[in-house]
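These notes are about the structure you will find just below.
FYI, side chains are in, hydrogens and waters are out, and symmetry mates aren't considered; it's all heavy atoms of this structure.
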Amino acid sequence: MAHPIIETLLWRHSTKKYDAGKKIPEEDLAVLFEAMRLSASSINSQPWKFVVIESADAKERMSKTFAHKHQYNQHHVFDSSQIILFAYNPRYTRDDYAKVVDKGIEDKRVKAEDRESAFAVFSFAESNTDETGNTSSWTKAQTYLAFGNTLHTLARLKIDSTPMEGIDIDLVNAEFKKELDGYQ
């Protein structure tokens, strides 16, 4: 099938080796970050946080998180231009949703007079919250939507990428605790 979307998806692959001297142009990063921000999510919840790791110090910190497992992925830390951590909010609340609604008003995607009615769909988030306030299964699934959109955007920009679940999540959460600020 000949179509630009299919051609992009055929181009996309999990990169095994990066050229450490190559950097992603700032204008491409701007497109990428805006596409990530605009990713779809249930009720437009956007229950995610993206942490971009690019400084030598941050890469050294990330490298330490491979101390116990998944060392085969460690080389990507220093060779890639950036690493993006995709984190989800394990305790998504009405206040979190209010920030999204208010951002929508600021962006003119939601009318100010429709602010209160925008909360009608929040019951869906509540139905995905357990008795302890945990929303992890729902918010993690929403974050995967942003992850997929990011991979597609990178492919459209012809930027190599490697999706990695082969990380020590506990060590990453501990090492980047300040940046994650409660997100996982």
Side-chain angles (χ1 to χ4, degrees), residues 1-42 44-90 92 135-184:
M1 171 186 265
H3 188 280
I5 293 172
I6 302 304
E7 290 169 18
T8 295
L9 293 173
L10 286 169
W11 178 89
R12 204 212 79 65
H13 62 283
S14 293
T15 302
K16 303 298 181 208
K17 178 133 180 68
Y18 290 94
D19 178 348
K22 270 184 121 174
K23 300 297 176 205
I24 300 171
E26 288 298 320
E27 48 282 358
D28 286 347
L29 285 174
V31 169
L32 174 65
F33 296 153
E34 184 65 0
M36 290 166 64
R37 185 182 80 80
L38 295 172
S39 293
S41 60
S42 175
N44 194 31
S45 55
Q46 302 174 27
W48 48 62
K49 178 179 277 198
F50 310 113
V51 176
V52 180
I53 297 171
E54 57 189 341
S55 71
D57 178 56
K59 287 182 175 186
E60 187 61 43
R61 290 171 58 204
M62 183 67 186
S63 180
K64 287 190 238 175
T65 69
F66 290 92
H68 305 301
K69 55 185 172 181
H70 308 298
Q71 290 84 8
Y72 52 85
N73 279 325
Q74 191 172 22
H75 69 279
H76 293 306
V77 172
F78 295 107
D79 293 344
S80 62
S81 182
Q82 283 86 10
I83 297 162
I84 303 172
L85 299 178
F86 285 73
Y88 61 92
N89 184 341
Y92 192 81
T135 59
S136 292
S137 61
W138 179 66
T139 55
K140 187 175 185 180
Q142 302 318 302
T143 304
Y144 268 93
L145 294 174
F147 185 61
N149 184 49
T150 300
L151 290 173
H152 188 213
T153 301
L154 287 164
R156 292 292 304 254
L157 293 168
K158 297 280 195 257
I159 297 172
D160 288 334
S161 63
T162 306
M164 289 191 315
E165 277 195 323
I167 62 173
D168 188 327
I169 291 170
D170 293 332
L171 285 182
V172 171
N173 286 339
E175 184 63 40
F176 291 93
K177 184 177 183 173
K178 180 181 174 195
E179 293 89 344
L180 292 170
D181 191 30
Y183 284 62
Q184 302 291 305

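- The shortest distance between side-chain heavy atoms of V51 and F86 does not fall below 4.5 Å.
- Looking only at side-chain heavy atoms (C-beta outward), E60 and V77 stay at 4.5 Å or farther from each other.
- One finds the CH2 atom of W11 at 8.0 Å from the CD1 atom of I159 (value rounded to the nearest 0.5 Å).
- A donor-acceptor pair under 3.5 Å is absent between the side-chain atoms of R12 and the main chain of L151, judged by distance alone.
- Side chain to side chain, Q46 and N44 meet the donor-acceptor criterion of an N or O pair below 3.5 Å.
- Considering all non-hydrogen atoms of both residues, W48 and A40 come closest at CH2-O, 3.6 Å.
- Remark: the backbone N or O of S41 is not paired with any side-chain donor or acceptor of S45 at under 3.5 angstrom.
- Under the 3.5 Å distance criterion, with hydrogens and angles disregarded, no donor-acceptor pair is assigned to the side chains of S136 and Q184.
- Distance check, rounded to the nearest 0.5 Å: NZ of K17 to NE2 of H75 gives 7.0 Å.
- Residues H152 and I5 meet the side-chain proximity criterion, which asks for heavy atoms closer than 4.5 Å.
- Not less than 6.0 angstrom separates the ring centroid of Y183 from the ring centroid of Y88.
- Between T15 and H76, the shortest heavy-atom distance links the atoms O-CE1, 3.5 Å.
- For the pair N73 and F66, the minimum side-chain heavy-atom distance is below 4.5 Å.
- Comment: R156 does not engage E7 in a salt bridge, judged by the lack of any side-chain N to carboxylate O separation of less than 4.0 angstrom.
- Checking D79, D160, T162 one by one against Y18, the side-chain hydrogen bond (donor to acceptor under 3.5 Å, both in side chains) holds for a single residue, T162.
- Other residues, nucleotides and ligands place no more than 12 heavy atoms under 6.0 Å from the CD atom of E165.
- Between the side chain of H13 and the backbone N or O of S161 there is no donor-acceptor pair closer than 3.5 Å.
- Within 6.0 Å of atom CG in L38, more than 12 heavy atoms from other residues, nucleotides or ligands are found, so the atom counts as buried in its surroundings.
- No side-chain donor-acceptor contact under 3.5 Å links S80 to the backbone of I83.
- The environment of NZ in K23 is crowded: more than 12 heavy-atom neighbours from other residues, nucleotides or ligands sit within 6.0 Å.
- Across all their heavy atoms, T143 and P47 have their closest contact at OG1-O, 4.0 Å.
- Two residues are said to be in side-chain contact when any heavy atoms from C-beta on lie closer than 4.5 Å; F50 and R37 fail this criterion.
- Side-chain contact between I53 and R61 is absent, with no heavy atoms from C-beta onward closer than 4.5 Å.
- In this structure, N149 contributes its side chain and A35 its backbone to a donor-acceptor pair below 3.5 Å.
- In this structure a side-chain-to-backbone donor-acceptor pair under 3.5 Å is missing from S39 to T150.
- A donor-acceptor contact shorter than 3.5 Å links the side chain of Q74 to the backbone of S63.
- Judged purely by atom type and a 3.5 angstrom limit, Q142 uses its side chain to pair as donor or acceptor with the backbone of S42.
- I84 places a side-chain heavy atom less than 4.5 Å from the side chain of M36.
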